[in-house]
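A short worksheet on the structure shown next.
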Amino acid sequence: MGFETAYVEDITGKAEQEFKTLTETYQEPGVKVEFKFELGSTSQKILDYINTERIDLVVMGSHGASGFKEFFIGSNAEKIVRRSPVPVLVVKNYFSGKVTNIAFPNTLDIDEQEDLVMKVKALQALFKSTLHIVYINTPTNFTPDRITLSRLRDFASRFMIKDYTINVFNDYDEEEGINLFATKINAEMIAMGTHGRKGIAHLVNGSLAEDVTNHADRLVWTYSLKNEPVKTPLQ
């Protein structure tokens, strides 16, 4: 038996044992759990699995990335948020409570968001939660509150959203504004769209959804809007 074969068998056995311990500790009655072990790039293997198995939702844990690693590499969760064709739910800390409040930062571009909003409404219905639609007002995209509040009302009416609040939150930075707003309303989850930028576009412009995913201290749900125009704060 070669070294490589022995190594693969060893780590496979350890992975299977860890999975068995995990399922015995946390598996809920009636919930089917399958185990699959893959060798290779974590993010690419996850993306391959999403496509081959026709996955509807990805749930990932994340400790975030910082400094040099965040700028040039990013966390696996960030990579999946950027490239996944299906919604991604990122969990930062152990969570066992109810999702009663969802923060929904939005640009309010009514003509470009039907798919996203329909999925967010389904998410809201699943948890029976209140949706807090918020526009983050910064110096670079400043709009008077009277105009923004009118747009917020039109947005909620256009998509027939129920059990919601409309909000304008002022801050110097969009990411910071989203996180501070979520804290203010005690949101257990932030739901937002991402444009899934790649290559130079991602390096130069970054991604607000990825930054929030990396730094938020609560559940973050994202959905890729790859075919829509790039606008902030849904980047």
Side-chain angles (χ1 to χ4, degrees), residues 62 64-67 70-72 74-75 77-84 87-90 92 101-113 115-117 119-120 123 131-156 159 161 164-198 200-226 228-235:
S62 174
S66 59
E70 178 183 5
F71 186 77
F72 287 101
S75 69
E78 284 183 84
K79 294 174 184 177
I80 299 303
V81 163
R82 186 189 318 156
R83 300 172 62 192
S84 173
V88 179
L89 176 62
V90 178
K92 285 301 185 68
N101 295 287
I102 300 175
F104 183 30
N106 204 279
T107 58
L108 307 179
D109 298 296
I110 291 178
D111 295 333
E112 306 295 340
Q113 299 194 64
D115 193 25
L116 169 67
V117 176
K119 285 181 169 56
V120 171
L123 186 72
L131 192 65
H132 301 272
I133 311 167
V134 59
Y135 182 88
I136 306 299
N137 216 8
T138 67
T140 56
N141 67 348
F142 176 79
T143 305
D145 284 3
R146 67 180 184 278
I147 296 176
T148 305
L149 288 170
S150 176
R151 293 180 64 204
L152 281 160
R153 286 189 288 268
D154 290 343
F155 181 87
F159 293 109
I161 299 173
Y164 69 93
T165 68
I166 56 173
N167 308 268
V168 179
F169 194 88
N170 299 292
D171 202 277
Y172 290 106
D173 178 79
E174 288 173 319
E175 179 197 341
E176 184 74 7
I178 291 170
N179 285 321
L180 288 174
F181 174 75
T183 299
K184 177 184 176 182
I185 64 169
N186 296 317
E188 294 86 6
M189 178 185 292
I190 298 171
M192 58 191 303
T194 174
H195 285 277
R197 294 173 179 167
K198 300 178 182 178
I200 295 298
H202 175 263
L203 185 63
V204 173
N205 298 303
S207 167
L208 181 60
E210 290 175 43
D211 289 341
V212 171
T213 297
N214 200 32
H215 300 137
D217 59 356
R218 66 201 73 231
L219 301 171
V220 180
W221 178 98
T222 65
Y223 178 63
S224 179
L225 308 175
K226 294 181 178 63
E228 295 184 3
V230 176
K231 296 176 182 291
T232 56
L234 291 179
Q235 296 183 326

Residues in side chain to side chain donor-acceptor pair (under 3.5 Å) contact with [X], at least two apart in sequence or another chain:
{"X": "N170", "result": "N137"}
{"X": "N167", "result": "T165"}
{"X": "T148", "result": "none"}

In H215, R82, E175, K79, the residue satisfying side-chain contact (heavy atoms from CB on, under 4.5 Å) with E210 is R82
Going by side-chain contact (heavy atoms from CB on, under 4.5 Å), Y223 matches just one of V120, D115, T194. Which one? D115
Under the 3.5 angstrom rule, does the side chain of K119 hit a backbone N or O of T222 as a donor-acceptor pair? no
Working to the nearest 0.5 angstrom, can you tell me the gap between [X] [atom1] and [Y] [atom2]?
{"X": "L123", "Y": "I102", "atom1": "CG", "atom2": "CD1", "value": "4.5 Å"}
{"X": "R218", "Y": "N186", "atom1": "CZ", "atom2": "CG", "value": "8.0 Å"}
{"X": "I190", "Y": "I178", "atom1": "CD1", "atom2": "CD1", "value": "7.0 Å"}
{"X": "D217", "Y": "T183", "atom1": "CG", "atom2": "OG1", "value": "5.5 Å"}
{"X": "N101", "Y": "M189", "atom1": "CG", "atom2": "CE", "value": "11.0 Å"}
{"X": "N141", "Y": "E174", "atom1": "CG", "atom2": "CD", "value": "5.5 Å"}

Which pair of heavy atoms, one from [X] and one from [Y], lies closest together, and at what distance?
{"X": "F169", "Y": "K184", "answer": "CE1-CD, 4.1 Å"}
{"X": "R151", "Y": "Y135", "answer": "NH1-CE1, 4.4 Å"}
{"X": "P139", "Y": "D171", "answer": "CD-O, 3.6 Å"}

S224 side chain to R83 side chain, donor-acceptor N/O pair below 3.5 angstrom: no
May I ask you to decide if the ring planes of F104 and F155 are parallel, tilted or perpendicular, using 30° and 60° as cut-offs? tilted
